[in-house]
Amino acid sequence: MSSTLSVNGVDHQVDATPDTPLLWVLRDFLNMTGTKFGCGMALCGACTVHLDGQPVRSCSTPLQAAIGKKITTIEGAQSAVAKVVQQAWDEIQVPQCGYCQSGQIMSAVALLERNASPSDADIDSAMSGNICRCNTYQRVRKAIKNAAEQLG
Amino acid sequence: MRRFSDTSETELSSSRRSFLKIVGGVGAGLTLGINVPVVASQMGGRAGPSVAGENFAPNAFVRIGLDNRVTVVIKHLEMGQGTFTGLATLVAEELDADWKQIDSEGAPADAKRYNNLHWGPMQGTGGSSAIANSYQQMRTAGATARVMLVAAAAQQWSVPASEIQVKQGIVSHQGSGKNATFGELAELAATLPVPDAESIQLKDPSEFTYIGKSLPRKDTGKTDGSATFTQDVQLEGMLTAVVAHPPRFGAKVKSFDAKKALESNRVVDVIEIPSGIAVLAKDYWSAKVARDKLTIDWDEGQAMTRNSAQMMAEYREQSKKKGSLARDDGNTQKALQGAETVIEAFYEFPYLAHAAMEPMNCVALVNRDGCEIWNGEQFQSVDQNNIATLLGIPADKVKLNMMFAGGSFGRRANSDSDYLIEAVQIARAKPGTPVKLVWSREDDMQAGYYRPAYVHRVRGGLDAKGNIVGWEQHIVGQSILAGTVFAGGIKDGVDGSSVEGASTLPYKIPNIRVETTSVEEQVPVLWWRSVGHTHTAFSTETFIDELAAKAGQDPVALRMKLLSDHPRWQGVLQLAADKAGWGKPLPKGWGRGVAVHESFNSYVAQVAEVSVAADGGFKVERVVCAVDCGVAINPDVIRAQMEGGIGFGLSPALMSAITFDNGKVVESNFHNYQVLRINQMPKVEVHIVPSAEPPTGVGEPGVPPIAPAVANALSAVTGKRYHELPIKA
Ligand code: FES
Ligand code: FES
């Protein structure tokens, strides 16, 4: 059965069952591989995308829950905030292996879009769902603060 | 271009023998590499896919295009440690390139050109050896290209080569006012003879412009989703495979029913392979759903039935008996008998999963020409050999494409090539069709290859004046090398990777005895970021603190005294202590602890500060780290590796363990195999000891000291001692 999905401002027809997680629709049906698979259980945040501006774990969001909503993935992270966040990530040299970083950035953008000057505690609560096995956490924190300053 | 005569083809089968000689090269960080005249032979082969006239490729590592881009071919896997940046820096330095014109590219599998010089005729990444083994090689590669560009300019401008300068990617001649980019000279340079490696002059360190500078990383595409990992490989007609593995190690498929699994029109096939039942589908989710519908009857006659508690109890008993001797200085038995005070501790360490962020995966294509692999490729020679043996084809028919790895921590360097073999087993059933094997997190966590579980029994004696007179240690656990191609490295019952860090205890103690017993289990085990040091640093560095406390001595002062013959250890220890404000007052309920450890020829000291709450819970607040890794190629990458190593080591220190219940792995995903998260990450500051020593690695050495530093800090507050990881406060 075919469904219409709006990803990064473009409508796509996908022929996946309604219970297929959005993550696998993006990766395997739409060839958008920037969103990563880390756990499949909403435990690691590698698959974070925005659904109508809200960060969600796409591995645990069925396709049917995403129909009619605006989906933004790392490939489409073009907002003013997203650009500043990506710049800060480069400036601070956050990524190591990089596998978690799409998810980290999507969570950070969502945080900064609703809270322009997050405290350490705000960062902890917004980002503690995003595991980084390379443990780039200190730089993630620094880059969020750096981005907040530039946006502020 | 002049060609060097081809050095003899490296035969993988014969290199098996060499594996025996280089044991520990991967795991234990020894560098017993066979001393080939490396640079000359490395430069010898054909230089990449270039064509004279389009590219200038003076050797296997450097390619300069007419478009003025400089491509540096990186023979090591980029898994986050920064090798795409570090090795490119060495070339850029000697080439005097503009850093912006440099691109890094992963090397193909070709042990003749791209072997790890510390491992002999073998290509692979591990043991924090990338920079150390490439330092001269990559610099020579860059310097050779520079000499040839200068020669081309001299010819073109009819001026003496000695009057030509190269700076920031521009070749110039002051007298005539001429200048050119590398790209403009590439075509002519490609026609010139390659100078002998021996004639190449490398820079004096005082002339370095890039080495020692924090240049931005070259493994880009990691902030916009464009970097390609194995998981992201998409090929025409590709199928995705998932495998149902046995529920316990040692179990096998008896029979299976795939009728329900095959109902979906997106499922293509279900096949039996030696490691389980594979489902092939057009996408991952369809494959995974179909796998859940399989009915499999397992033959568990030979399956493991052990429990973690039972193993620990047995290892503890074993540790009281005699083991194989790894070190024997003086007469420890006598020294302990004559000691005024003897203390004893049993340490316990669980199995650990690597849990790289990217679960294991591999794309394989088998066809008439051979086999092609896309993988976070860490162990080229071993993987090529294993796959070739399986398929009955020559090793050079196995083409390996090295993708970025989403972490590895040792997992992707496996003597069994376990998940690659699994992918090839499936792909060979579908000749001509590329197959992407994807492990779920549960597969990744439960299919094994863990850091082994260990028990250490340690005894130490003090004389009446508080001097340490004897140290005795017995380490019991599975051998990582046993049963692998590296087994030749087990000497007289001692697996060096079990005892490294303990058998090399640097403290000036007159009587030291270190023993080990390798036990057999059905659990597949593997090196895990910093290997033996993951446990030996903990027992040695907490026990030395315990002895210091008994002797009424300051932990830093005592270590400094016992390290009087080891200036580099002392250097990092003093620096970390000074920067941490050792001895300065802390808030109530806070404590400081220190640990210092050498691994892979790098020296790291860490001072941890912890705060203990009224309920006994604690938080690691701050870590001050000092590192001596010789010449610091890229200080920011070094800092990143120390920060990351500290975070990585905090997971087993505080929360991670793989346990067995009746032979089944209990943990399955990040809810019950917990790892450090951002709210638990301490503030880390890193200080680098200035050094002119040859550079050594930083991927692993940041890990070992953190767990003992934290335990020692906790002891400073609570007065209790901690002998178990994860620490139970
Ligand atoms: S893959 Fe979705 S949270 Fe881990
Ligand atoms: S950068 Fe490797 S997992 Fe985060």
Side-chain angles (χ1 to χ4, degrees), chain A residues 15-17 19-21 23-25 27-29 31-41 43-44 46 73-75 77 85-91 93-102 104-105 120-121 123-141, chain B residues 78-82 214 216-217 219 221-229 231-232 234 240 282-286 288-289 354-359 404-409 438 440-442 636-637 640-641 643-648 650-651 669-671 675-684:
Chain A
D15 195 13
T17 55
D19 62 340
T20 306
L23 170 66
W24 297 107
V25 174
R27 292 185 56 85
D28 285 355
F29 289 79
N31 272 358
M32 299 176 72
T33 55
T35 306
K36 301 300 188 214
F37 167 53
C39 71
M41 278 182 69
L43 295 166
C44 79
T73 71
I74 186 75
E75 290 92 346
V85 167
Q86 281 164 321
Q87 256 166 32
W89 244 248
D90 283 335
E91 166 84 25
Q93 294 276 289
V94 177
Q96 289 186 25
C97 84
Y99 194 80
C100 73
Q101 298 296 343
S102 298
Q104 303 281 0
I105 287 170
D120 276 331
I123 294 174
D124 280 352
S125 73
M127 302 302 294
S128 62
N130 287 82
I131 293 174
C132 174
R133 285 292 286 149
C134 299
N135 292 274
T136 60
Y137 299 125
Q138 172 152 307
R139 291 178 186 227
V140 166
R141 186 183 300 282
Chain B
E78 178 60 70
M79 47 188 151
Q81 84 281 38
S214 292
R217 292 177 67 122
D219 51 336
K222 293 181 172 180
T223 56
D224 61 8
S226 64
T228 311
F229 300 85
Q231 196 81 9
D232 307 328
Q234 307 275 4
T240 299
K282 290 184 181 147
D283 64 286
Y284 172 79
W285 189 250
S286 300
K288 196 232 166 241
V289 168
H354 301 78
M357 206 66 235
E358 180 184 19
F404 283 141
S408 169
F409 317 121
V438 177
S440 67
R441 175 58 59 194
E442 290 79 8
D636 194 52
V637 170
Q641 285 310 295
E643 293 162 12
I646 287 163
F648 194 80
L650 278 171
S651 288
N669 206 318
F670 290 122
H671 61 295
V675 296
L676 200 81
R677 292 172 182 271
I678 194 169
N679 53 312
Q680 297 151 317
M681 182 76 187
K683 289 192 179 64
V684 176

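We name chains A, B, ... by the order of the sequence lines, and we start the count at 1 in each one. Computed from heavy atoms alone, side chains included, the values below leave out hydrogens, waters and symmetry copies.
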ask   = Do the side chains of Pro95(A) and Thr223(B) get nearer than 4.5 Å, heavy atoms only?
value = yes
task = Measure distances from Ser408(B) to the heavy atoms of chain A and classify the residue's part below 4.5 Å as side chain, backbone, both or neither.
result = neither
request  = In sequence, state the C-alpha distance, the side-chain angles, and the governing distance for His671(B) and Cys39(A), and then conclude on side-chain contact (heavy atoms from CB on, under 4.5 Å).
outcome  = CA-CA 10 Å; His671(B) 61 295; Cys39(A) 71; over 6 Å; no
key: Shortest non-hydrogen contact between Arg217(B) and Gln93(A), atoms and distance   = N-OE1, 2.8 Å
inquiry  = Can you tell me which portion of Ile105(A) sits under 4.5 Å from chain B's heavy atoms? Options are side chain, backbone, both or neither.
reply    = side chain
ask   = In terms of heavy-atom pairs under 4.5 Å with chain B, which of Cys44(A), Ser128(A), Ala121(A), Gly34(A) leads?
value = Ser128(A)
task = Just give me the residue among Asn679(B), Asp232(B), Asp224(B), Asp283(B) that pairs up with chain A most often, heavy atom to heavy atom, under 4.5 Å.
result = Asp232(B)
message = To the nearest 0.5 Å, what is the distance between CD on Gln104(A) and NZ on Lys222(B)?
response = 13.5 Å
query = Arg133(A) and Phe409(B): which non-hydrogen atoms are nearest, and at how many Å?
reply = O-CZ, 3.5 Å
inquiry  = At a 4.5 Å cut-off on heavy atoms, which part of Ala227(B) comes close to chain A: side chain, backbone, both, or neither?
reply    = backbone
ask   = Shortest non-hydrogen contact from Gly407(B) to Cys97(A)?
value = N-CB, 3.3 Å
request  = Heavy-atom pairs under 4.5 Å with chain A are the metric here; pick the option from Ala640(B), Pro359(B), Ala356(B) that has the most.
outcome  = Ala640(B)
task = Could you look at Gln81(B) and say if it's the side chain, the backbone, both or neither that has a heavy atom under 4.5 Å from chain A?
result = neither
Taking every non-hydrogen atom, the tightest pair across Thr33(A) and Gln234(B) = CG2-NE2, 3.2 Å
request  = Identify which of Met79(B), Met681(B), Glu358(B) forms the greatest number of heavy-atom pairs closer than 4.5 Å to chain A.
outcome  = Glu358(B)
query = Distance from Asp15(A) atom CG to Lys282(B) atom NZ, nearest 0.5 Å?
reply = 10.0 Å
query = In Å and rounded to the nearest 0.5 Å, what is the CE to CG distance from Met357(B) to Asn130(A)?
reply = 8.5 Å
key: Val438(B) portion near chain A, given a 4.5 angstrom heavy-atom threshold   = side chain
task = Report the distance from atom CD of Gln641(B) to atom CG of Asn135(A), rounding to the nearest 0.5 Å.
result = 10.5 Å
message = Does any backbone or side-chain atom of Asp219(B) lie under 4.5 Å from a heavy atom of chain A? Answer side chain, backbone, both or neither.
response = side chain
query = Can you name the residues that form a side chain to side chain contact (heavy atoms under 4.5 Å, CB included) with Ser102(A), not counting sequence neighbours?
reply = Ile74(A)
query = Looking at CH2 of Trp285(B) and CZ of Phe37(A), how far apart are the two atoms once the value is rounded to the nearest 0.5 Å?
reply = 9.0 Å
query = Is Arg27(A) close enough and on-axis enough to Tyr284(B), meaning under 6.0 Å and within 45°, for cation-pi?
reply = no
Contacting moiety of Ala405(B), where chain A heavy atoms sit under 4.5 Å = backbone
query = What residue, out of Cys134(A), Ala46(A), Pro21(A), has the most heavy-atom pairs lying under 4.5 Å from chain B?
reply = Pro21(A)
inquiry  = Working to the nearest 0.5 angstrom, can you tell me the gap between Tyr137(A) OH and Glu643(B) CD?
reply    = 13.5 Å
inquiry  = The criterion is side-chain hydrogen bond (donor to acceptor under 3.5 Å, both in side chains); which residues satisfy it with Trp24(A), sequence neighbours excluded?
reply    = none
task = Would you confirm whether Arg441(B), through its side chain, and Gly38(A), through its main-chain N or O, come within 3.5 Å as a donor-acceptor pair?
result = yes
remark   = Applying a strict 4.5 Å limit to non-hydrogen atoms, the region of Phe229(B) in contact with chain A is side chain
inquiry  = For the backbone of Lys36(A) and the side chain of Gln231(B), can you confirm whether one donor and one acceptor N or O come within less than 3.5 Å of each other?
reply    = no
